[in-house]
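Take a look at the structure set out below.
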There are 2 protein chains.
Amino acid sequence: MGVTRTEIFTQEQNELAQMMKALAHPARIAIIQQLLKSQSCICGDLVDEIGLAQATISQHLRELKAVGIIKGTIEGTSVCYCIDEEVWKHYNKTFGSLFNSLPIVGKSCC
Amino acid sequence: MGVTRTEIFTQEQNELAQMMKALAHPARIAIIQQLLKSQSCICGDLVDEIGLAQATISQHLRELKAVGIIKGTIEGTSVCYCIDEEVWKHYNKTFGSLFNSLPIVGKSCC
DNA sequence: AATATTAATCGTAATATTACGATATATAAA
DNA sequence: TTTATATATCGTAATATTACGATTAATATT
């Protein structure tokens, strides 16, 4: 027990859930907001601005990287992170198609 | 260790993360999609359509109810669930404001 | 009243996530 | 080359999530 049964769901359902999960932590939201605001950001600055340990931020960055939403480039001894705009647009579109599928108002039973 | 440090984040960041988390499971996505499609749904039908145990579906329904995204009304011995349209719109708006805050393309560093 | 049906809750095992100190790695500076 | 700086990874403890059988609660049917 305890393991999510992805095999019984559609690819779309699993993908949507995975997208949501990637953003389902305030630290990762904070990272994304920072990158949206400043276009790019040195990893160390994120550690300073968000009050979590360096190892923890690094772990969250890895999760965001794993779903492709951010990418990082090495700049000397530091790493500059930014949002992958193509992936971000894909997220936006996918989320939009979920939310905009609510039909005409006032038909629900309860 | 192991407990999310919500106190160091803004209310907006925590709320966004909580919203995402509510939808961060394929079973809950499937439930929402079903409710979007059929306007309303008997709990038992969800159990049949999604291949998870009744107790598990009930648990997922409770999580969706906890964030207000769905509501249920008792109909005899069964319970009819549907999406709370006001809350759904709020989600749509909040997600939209996150995704649409990506500024002009082509400015990122990496 | 007795029985059937439906959904919620309880208990619990398996798994996943979160956080952080310690350590490793890799480049920069002295 | 030695030392400093920045980030990733390892190891691990605490906590949270997922799934399901068993039970409970509440209404419906007989």
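Just so it is clear, the values below take in all heavy atoms, side chains as well, and ignore hydrogens, waters and symmetry mates.
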*Think A:Y81 has a side-chain N or O under 4.0 angstrom from the OP1 or OP2 of D:dA8?*
yes
*Just how far is it from atom CD1 of B:I83 to atom NZ of B:K89, taken to the nearest 0.5 Å?*
12.0 Å
*Applying a 3.5 Å limit to both distances, which nucleotide forms a Watson-Crick or G-U wobble pair with C:dA1?*
D:dT30
*Going by atom types only, do A:S78 and A:E75 share a side-chain donor-acceptor pair under 3.5 Å?*
no
*Closest heavy-atom pair and its distance - B:A24, A:M20*: CA-CB, 3.7 Å
*What is the distance, rounded to the nearest whole Å, between atom CD1 of B:I70 and atom C1' of C:dA7?*
13 Å
_Distance in angstrom units between A:E75 CD and C:dA28 P, rounded_ = 11 Å
*With rounding to the nearest 0.5 Å, note down the distance linking OG in B:S101 to NZ in A:K37.*
11.0 Å
*Rounded to the nearest Å, what distance is computed from the CD1 atom of residue A:I74 to the P atom of nucleotide D:dA8?*
9 Å
*For the pair made of CD1 in B:I42 and P in C:dA7, what is the distance, rounded to whole Å?*
7 Å
Just the table, please: protein N/O against nucleotides 13-20 of chain C N/O, every pair under 3.5 Å.
| unit_1 | atom_1 | unit_2 | atom_2 | d |
| --- | --- | --- | --- | --- |
| C:dA14 | O4' | A:M1 | O | 2.9 |
| C:dT17 | OP1 | A:K21 | NZ | 2.7 |
| C:dT18 | OP2 | A:R28 | NH1 | 3.1 |
| C:dT18 | O2 | B:G2 | N | 3.1 |
| C:dA19 | OP1 | B:R5 | N | 3.1 |
| C:dA19 | OP2 | A:H25 | NE2 | 3.3 |
| C:dA19 | OP2 | A:H60 | NE2 | 2.8 |
| C:dA19 | N7 | A:Q59 | NE2 | 3.1 |
| C:dC20 | OP1 | B:R5 | NH1 | 2.9 |
| C:dC20 | OP2 | A:A53 | N | 3.1 |
| C:dC20 | OP2 | A:T56 | OG1 | 3.4 |
| C:dC20 | N4 | A:Q59 | OE1 | 3.4 |

*Parallel under 30°, tilted from 30 to 60°, perpendicular over 60°: which one fits the rings of B:F99 and A:Y91?*
tilted
_Distance below 4.0 Å between A:R62 side-chain N/O and D:dA8 OP1 or OP2_ = no
_Using the side-chain heavy atoms of B:S58, tell me which of these nucleotides is nearest: C:dA8, D:dA8, C:dT27._
C:dA8
*For B:T6 and B:N14, which heavy atoms make the closest approach, and how far apart are they?*
O-ND2, 3.0 Å
_In terms of relative ring orientation, are B:F9 and A:H25 parallel, tilted or perpendicular, with 30° and 60° separating the classes?_
perpendicular
*A:I32 versus A:I69: any side-chain heavy-atom pair under 4.5 Å?*
yes
_Among D:dT7, C:dT27, C:dA7, the nucleotide that comes nearest once only the side chain of A:V79 is considered_ = D:dT7
*Can you tell me how far the CD atom of A:Q18 sits from the CG atom of A:L23, to the nearest 0.5 Å?*
11.0 Å
Polar atoms only, N or O, under 3.5 Å: list the protein pairs with nucleotides 23-25 of chain D and their distances.
none

